[in-house]
Amino acid sequence: MRFFHRYKSTIHGNYRKAYLRCGLITGGLLVLYIMVRYLMGSPAESPEAYMSDIIMLVAVFLFTLLYRNSLEEKKATLKELMLFGLGTAVVGSLLYGVCLFLFAYAIPEQTDLFTRTLRGEEALLSAPSHYWAAWWGIESAIKLAVLGGFGAFVAALLFKNEKSDVRSKKTLNNV
């Protein structure tokens, strides 16, 4: 049983408040991207937009670095940065998914375009369009949350600068 180790991790900052704030900013950037595309007259044809993926990854990397540099001693563990990045990605993708649903549901020509893109012409007759708008928002939110989680893991590996203390089971029994 000597292969099992317990990690004593020190969380240096208030990452929960920080990832809520950074997640809202990330989601706002993604929603701004949708609105700019719509105002330019080129609507998003599918949830597989590469620009939203790039915005999510850059935001997670940038906010993880800014969070670590905002701490007093500029020290952060892998666990803390991973939780921060994952929280930022989830909050941002939830805001993005909800806004996609509202955007697709509120504008009928967008809903028809999304429905044709996702299921073809026959889908317009088989299911109400708001179901497809909801599916589009859910699918996009899940995809971006997974991508953001991967980006959070890579950012945490790159930006961690403190190792956790490893305590063996022998020292845990003596405590």
Side-chain angles (χ1 to χ4, degrees), residues 13 15-68 76-160:
Y15 66 93
R16 288 188 179 104
K17 193 182 293 185
Y19 77 64
L20 284 174
R21 184 177 56 240
C22 293
L24 290 174
I25 293 170
T26 302
L29 288 172
L30 290 164
V31 170
L32 183 66
Y33 164 69
I34 294 171
M35 299 312 272
V36 166
R37 273 190 70 121
Y38 178 70
L39 293 175
M40 288 175 48
S42 61
E45 285 93 20
S46 74
E48 305 300 325
Y50 292 119
M51 192 61 181
S52 62
D53 298 345
I54 292 169
I55 291 170
M56 175 61 83
L57 287 175
V58 167
V60 166
F61 273 84
L62 183 67
F63 285 131
T64 302
L65 181 63
L66 289 174
Y67 172 71
R68 187 200 66 187
T77 60
L78 178 73
K79 175 183 173 183
E80 182 179 6
L81 292 179
M82 182 64 197
L83 289 173
F84 170 78
L86 188 60
T88 300
V90 168
V91 170
S93 65
L94 283 176
L95 182 62
Y96 178 66
V98 167
C99 288
L100 276 180
F101 167 70
L102 294 175
F103 179 69
Y105 186 68
I107 303 172
E109 65 269 9
Q110 287 292 330
T111 306
D112 292 342
L113 175 67
F114 298 145
T115 306
R116 283 190 201 102
T117 303
L118 290 173
R119 299 294 274 172
E121 289 289 333
E122 68 276 357
L124 287 175
L125 303 174
S126 65
S129 58
H130 61 277
Y131 290 140
W132 293 112
W135 172 251
W136 193 66
I138 291 169
E139 178 188 4
S140 297
I142 291 172
K143 179 186 73 87
L144 269 183
V146 169
L147 181 73
F150 175 73
F153 179 69
V154 173
L157 283 175
L158 290 175
F159 299 135
K160 72 176 175 79

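Computation of the quantities below employed the complete heavy-atom set of this structure, encompassing side-chain atoms and omitting hydrogens, waters and symmetry-equivalent molecules.
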Just how far is it from atom [atom1] of [X] to atom [atom2] of [Y], taken to the nearest 0.5 Å?
{"X": "Lys160", "Y": "Leu81", "atom1": "NZ", "atom2": "CG", "answer": "9.5 Å"}
{"X": "Asp53", "Y": "Ser140", "atom1": "CG", "atom2": "OG", "answer": "9.5 Å"}
{"X": "Leu30", "Y": "Leu95", "atom1": "CG", "atom2": "CG", "answer": "8.0 Å"}
{"X": "Tyr96", "Y": "Thr26", "atom1": "OH", "atom2": "OG1", "answer": "13.0 Å"}

Exercise for review: List for me each residue that meets ring-ring contact (aromatic ring centres under 6.0 Å, His included) alongside Phe84, sequence neighbours excluded, and say none if there are none.
Suggested key: Tyr67
Practice item. Heavy atoms only: give me the nearest Gly149-Leu86 pair and the separation to one decimal. Key: CA-CD1, 3.6 Å
Revision key, fill the gap. Residues Ser93 and Ala145: closest non-hydrogen pair is OG-CB, 3.4 Å
Just wondering, do [Y] and [X] contact through their side chains at under 4.5 Å, heavy atoms?
{"X": "Val90", "Y": "Tyr19", "result": "no"}
{"X": "Leu147", "Y": "Leu144", "result": "yes"}
{"X": "Leu100", "Y": "Ile34", "result": "yes"}

Review point. Would you find more than 12 non-hydrogen atoms of other residues, nucleotides or ligands less than 6.0 Å from Phe61 atom CZ?
Key: yes
Check your understanding: Can you name the one residue among Thr88, Ile25, Val91 that meets side chain to side chain contact (heavy atoms under 4.5 Å, CB included) with Leu20?
Key -> Val91
